[in-house]
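To keep things clear, I will list the structure first and then write my remarks on it.
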Amino acid sequence: DLDCRVVCGRVVLPGGQLFDGKCTVEVTDGVISSVNLDDSGLGPPNGPIYESPLVVPGFVDIHNHGIGGTDDILDHWTNPDYSLKRLPSWGITSCLASVVFCSTSHSPVLPDKIISSLTPCFGDTKRGAVLEGIHAEGPIINDWGALPKIPTDISLRDFDHLLNSIPRLRMMTISPQLEAKIGYKRLEALLMRNILPALGHDKTAKESDILGAFKTASLHKRRLHITHCFNVSSFHHREPGLVNFGLAAEFPHLDEYAGIQPPTIELVGDLEHM
């Protein structure tokens, strides 16, 4: 409804503050016009009244492989309208299309059918959830998990060519262990293009490999992300892996950790699961 009142038990306010207690959200012409923590002075509603235990801003889904439209999950984003129309029913108002690579004889590529399907949707507000860009899961990954295996040992020149071929690339999952071997040059190429590096798909990355990635990001005053923190990653009390880094609210006061920021991680929209 363009005009309505929502009575809620909890609400997430601007700035991320969670308010516990009865409050009302007024919607006028489809836009939130006021959030009232005290409803004693409210007049009659301009439309229907709804009740909800929790009201939050629209979720931004940065890791979504599509929710259907084809039989093969790898092809879901060849039919983007199927997913974009349905995502708002789960509270998702914008998203990135997470895509994986196929390979030619020597190098990874994104299928043309995916690029051609996604390109007209970028920024379109009339399709449902707004498609903000692409999250490339790979190709520089050490442990494949459920992803198709493709060549990962590509030169920096070929990597730059790959980045040039992907429109609206906003985030790329990359393995710190593989980056450590070449001095984090590909990770730095992402940072130089303002593409968010997301560490992931690396069960054997050493603490030094991961720290090197964080230090590279700190030189650019950037914060890293970790892709599906507990999946295809490791946790150990003496040999920290990506899970250890993802769970840290702050890092140890040790010289090797100086100047780096804890990463962001992916949360499920129920506010309880990672």
Side-chain angles (χ1 to χ4, degrees), residues 60-67 69-70 72-84 87 94-124 127 129-176 178-179 182 184-202 213 216-217 220 222-228 232 264 266:
V60 180
D61 192 340
I62 61 174
H63 192 158
N64 191 313
H65 288 278
I67 59 174
T70 64
D72 188 342
I73 187 174
L74 299 181
D75 291 332
H76 281 181
W77 283 118
T78 61
N79 183 5
D81 283 327
Y82 185 92
S83 296
L84 295 176
L87 288 175
S94 62
C95 67
L96 297 180
S98 297
V99 297
V100 298
F101 293 84
C102 60
S103 65
T104 61
S105 56
H106 301 291
S107 60
V109 294
L110 270 186
D112 289 338
K113 60 183 178 180
I114 290 182
I115 291 178
S116 61
S117 298
L118 293 177
T119 299
C121 300
F122 293 137
D124 190 338
R127 295 175 182 263
V130 179
L131 183 61
E132 301 289 358
I134 288 175
H135 160 218
E137 196 166 1
I140 313 300
I141 53 178
N142 189 60
D143 294 288
W144 294 101
L147 301 183
K149 293 183 179 181
I150 56 173
T152 60
D153 186 20
I154 60 177
S155 67
L156 182 59
R157 179 179 177 180
D158 288 340
F159 186 68
D160 280 331
H161 178 73
L162 178 67
L163 298 184
N164 289 334
S165 71
I166 305 175
R168 282 275 192 121
L169 181 59
R170 296 292 185 254
M171 182 170 76
M172 176 176 279
T173 298
I174 192 166
S175 294
L178 297 181
E179 278 306 284
I182 66 164
Y184 304 96
K185 291 180 180 178
R186 290 172 297 212
L187 189 146
E188 189 161 28
L190 295 176
L191 293 165
M192 294 292 290
R193 291 169 177 257
N194 203 30
I195 299 167
L196 175 63
L199 305 183
H201 280 270
D202 200 334
T216 301
H220 294 262
R222 294 291 301 277
R223 192 176 185 183
L224 295 178
H225 180 71
I226 291 183
T227 295
H228 45 55
V232 208
T264 57
E266 297 164 10

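Residues forming a side chain to side chain donor-acceptor pair (under 3.5 Å) with D61 (at least two apart in sequence, or on another chain): N64. With sequence neighbours excluded, the residues that form a salt bridge (charged side-chain N to carboxylate O under 4.0 Å, His left out) with K113 are D75. For the salt bridge (charged side-chain N to carboxylate O under 4.0 Å, His left out) test, no residue two or more places apart in sequence or in another chain qualifies with E137. Considering only residues two or more places apart in sequence or on other chains, H65 meets the ring-ring contact (aromatic ring centres under 6.0 Å, His included) condition with H63.
Every pair tested for ring-ring contact (aromatic ring centres under 6.0 Å, His included) that includes a residue from residues 139-158 fails, sequence neighbours excluded, so the list is empty. Applying the side-chain hydrogen bond (donor to acceptor under 3.5 Å, both in side chains) definition to pairs two or more places apart or across chains, those involving residues 159-172 are N164-R193.
The shortest side-chain heavy-atom distance between P167 and L118 does not fall under the 4.5 Å cut-off. For the pair T264/R223, a side-chain contact is recorded, criterion being any heavy-atom separation below 4.5 Å from C-beta on.
H201 and T173 form no side-chain donor-acceptor contact under 3.5 Å, judged by distance and modelled atom types alone.
Smallest separation of non-hydrogen atoms from I134 and L169: O-CD1, 3.6 Å. Minimum interatomic distance between D202 and L178 (heavy atoms only, all atoms of both residues): OD2-N, 4.4 Å. Contact detail for G200 and I141: the closest heavy-atom pair is O-CG2, 4.5 Å.
Of the options M192, H220, E179, a side-chain contact (heavy atoms from CB on, under 4.5 Å) to L187 is made by E179 and by none of the others.
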